[in-house]
Amino acid sequence: MICAETPDALREAADAWRRAGERIAFVPTMGNLHAGHMALVTRARELAARVVVSIFVNPLQFDRADDLARYPRTLADDEARLRAAGVDALYLPDEATMYPQGRAGQTRVHVPVLSELLCGASRPGHFDGVATVVCKLFHQVRPDLALFGEKDWQQLVIIRKMVADLDLPVEIVGVPTVREADGLAMSSRNGYLNASERPRAAAIHRALRQGADWLRAGERDYEGIAARLARQIEAAGLRVDYLEIRRPDLGVASRDDRDWVILAAAWLGKARLIDNLRVRA
Ligand code: PAF
């Protein structure tokens, strides 16, 4: 596995693969890799001859300095997992490489409307930070395809729109959420849960499944369903940030829709957990 810290070092290897006609799949991450990330890598290996993974804890997408400071950094373990998984290149840029003019001087990519909803409403500037770093990484890595987890549904929708709006020549592939046995979506932030909080975290996925049952049974009072589901989650001791039923493209759902996504974010102790469930009737 090649480890590259600059776009030039990565380009040397990637150009040779391109000349040989090999497709390049890219998995951008912030490290602290878990089974969810490894599912992206596995899918990437199925879809392309070469796989590049990046690890960069992107300061632009953190709305709170304490959240950035305590974000788990586990590079040695991550590197070992990626090597064992047969990844071809690990790209490890530092902040000066990504943002040479500093954070304040960095040109930003803003995807309107979608960036202001849901997580964007609670974390101002978060999706500008995500869109900006992903756009830069795409230019540096120049992949044929890039893979993102469906757990971050809003992020996936925003990246698809950015790619379409900016004519970026990369195919975006969504990969299903990987869950713990009790349904909790895998996330680096699950590590913030203590022993008494951890079992209660599964209340989010339980509520989403209950909502799916109600939608499939014909209920269409979206706000009423959302309020009942939020109460279920709060009964387990979480504080709900939002719970909404929307179209998969995050448009407002109408009574005639038969395809939805239920999206939730909730606080449990120090962890802000997000999850979603696609439902078709
Ligand atoms: O999903 C993530 O881990 C991050 O938002 C991403 C896409 C790597 C950008 O920093």
Side-chain angles (χ1 to χ4, degrees), residues 1-18 24-34 37 40-41 44 50-83 85 87-111 115 119-120 123-149 152 155 158-159 162-163 165-166 168-170 172 187-189 191-192:
M1 184 172 78
I2 296 157
C3 289
E5 291 182 0
T6 64
D8 285 346
L10 181 67
R11 206 164 289 136
E12 216 174 289
D15 282 351
W17 299 333
R18 255 178 236 109
I24 300 173
F26 175 46
V27 180
T29 80
M30 297 205 299
N32 190 229
L33 305 180
H34 50 66
H37 296 109
L40 302 178
V41 170
R50 298 290 182 173
V51 176
V52 178
V53 176
S54 65
I55 296 180
F56 176 61
V57 181
N58 173 32
L60 280 197
Q61 69 188 77
F62 285 81
D63 50 317
R64 292 187 355 254
D66 60 322
D67 193 21
L68 172 62
R70 73 174 178 176
Y71 197 84
R73 287 146 171 99
T74 51
L75 184 57
D77 284 356
D78 293 348
E79 211 177 310
R81 291 188 82 152
L82 296 174
R83 209 177 279 282
V87 165
D88 296 282
L90 173 57
Y91 180 40
L92 292 164
D94 64 9
E95 190 174 341
T97 302
M98 291 306 287
Y99 305 126
Q101 311 299 321
R103 295 178 203 173
Q106 173 61 45
T107 299
R108 309 215 178 190
V109 178
H110 176 66
V111 177
S115 295
C119 284
R123 304 183 65 192
H126 167 67
F127 287 115
D128 291 1
V130 171
T132 302
V133 79
V134 171
C135 187
K136 283 184 68 96
L137 288 166
F138 283 175
H139 282 104
Q140 294 172 352
V141 178
R142 295 205 290 125
D144 297 284
L145 57 143
L147 297 93
F148 294 86
D152 297 298
Q155 170 172 284
I158 286 172
I159 287 165
M162 174 187 78
V163 162
D165 288 356
L166 299 181
L168 300 179
V170 53
I172 303 301
S187 165
S188 300
R189 291 175 193 273
Y192 300 158

Identify all side-chain donor-acceptor contacts of residues 62-70 below 3.5 Å with residues at least two apart in sequence or on another chain.
{"unit_1": "Asp63", "atom_1": "OD1", "unit_2": "Arg123", "atom_2": "NE", "d": "3.1"}
{"unit_1": "Arg64", "atom_1": "NE", "unit_2": "Asp66", "atom_2": "OD1", "d": "3.2"}
{"unit_1": "Arg64", "atom_1": "NH2", "unit_2": "Asp66", "atom_2": "OD2", "d": "3.3"}
{"unit_1": "Asp67", "atom_1": "OD1", "unit_2": "Arg189", "atom_2": "NH1", "d": "2.9"}
{"unit_1": "Asp67", "atom_1": "OD2", "unit_2": "Arg189", "atom_2": "NH1", "d": "3.3"}
{"unit_1": "Asp67", "atom_1": "OD2", "unit_2": "Arg189", "atom_2": "NH2", "d": "3.4"}
{"unit_1": "Arg70", "atom_1": "NH2", "unit_2": "Lys270", "atom_2": "O", "d": "3.0"}

Practice item. Please list, chain by chain and in numerical order, all residues satisfying side chain to side chain contact (heavy atoms under 4.5 Å, CB included) with Ala9, sequence neighbours excluded. Key: Ala4, Thr6
Review point. So, for Met162 and Ala131, which heavy atoms are closest and what is the spacing to 0.1 Å?
Key: SD-O, 3.4 Å
Exercise for review: From the options Ile159, Val141, Leu40, Leu137, select the one residue that forms a side-chain contact (heavy atoms from CB on, under 4.5 Å) with Pro28.
Suggested key: Leu137
Study note, to complete from the structure: Interatomic distance, CG@Asp15 vs CG@Leu10, rounded to 0.5 Å, equals 9.0 Å
Study note, to complete from the structure: Between Met30 and Asn58, the two heavy atoms sitting closest are SD-N, 3.6 Å
**Study point:** Working for side-chain contact (heavy atoms from CB on, under 4.5 Å), residues Arg142 and Ile24
**Key:** CA-CA 8 Å; Arg142 295 205 290 125; Ile24 300 173; over 6 Å; no
Review point. Would you call Phe127 and Val111 a side-chain contact if the rule is heavy atoms closer than 4.5 Å?
Key: no
Point to revise | Contacts of type side chain to side chain contact (heavy atoms under 4.5 Å, CB included), residue Asp78, not counting sequence neighbours | key: Leu33, Ile55, Thr74
Review point. What are the two closest heavy atoms between Pro93 and Phe56, and how far apart are they?
Key: O-CD1, 3.4 Å
Exercise for review: State, to 0.1 Å, how close Gln106 and Arg108 come at their nearest heavy-atom pair, and which atoms those are.
Suggested key: O-CG, 3.3 Å
Review point. Going through the distances and angles, do Val52 and Trp17 end up as a side-chain contact (heavy atoms from CB on, under 4.5 Å)?
Key: CA-CA 11 Å; Val52 178; Trp17 299 333; 3.9 Å; yes
Exercise for review: Evaluate the side-chain proximity of Val133 to Leu60: yes if any heavy-atom separation is below 4.5 Å, no if none is.
Suggested key: no
Practice item. Could you list the residues that satisfy ring pair (Phe, Tyr, Trp, His ring centres under 6.0 Å) with His34, not counting sequence neighbours? Key: His37
Exercise for review: Carefully, step by step, assess Thr132 and Gln61 under the rule side-chain contact (heavy atoms from CB on, under 4.5 Å).
Suggested key: CA-CA 9 Å; Thr132 302; Gln61 69 188 77; over 6 Å; no
Point to revise | Minimum side-chain heavy-atom gap Val134-Phe26 below 4.5 Å | key: no
Revision key, fill the gap. Residues passing the side chain to side chain contact (heavy atoms under 4.5 Å, CB included) test with Arg83, sequence neighbours excluded, are Met1, Cys3, Glu79
Check your understanding: Which heavy atom in Val109 sits nearest to a heavy atom in Cys135, and how many Å separate them?
Key -> CG2-CB, 4.0 Å
Exercise for review: For Ala44, enumerate each residue passing the side chain to side chain contact (heavy atoms under 4.5 Å, CB included) test, keeping only those at least two apart in sequence or located in another chain.
Suggested key: Ala25, Val27, Val51, Leu147
Review point. Would a 4.5 Å heavy-atom cut-off, applied to side chains only, mark Ile158 and Val130 as touching?
Key: no
Check your understanding: Atom NZ in Lys136, atom OG in Ser54: separation rounded to 0.5 Å?
Key -> 13.0 Å
Practice item. Kindly give the heavy-atom pair with the smallest separation between Arg103 and Glu95, and that separation in Å. Key: NE-OE2, 2.7 Å
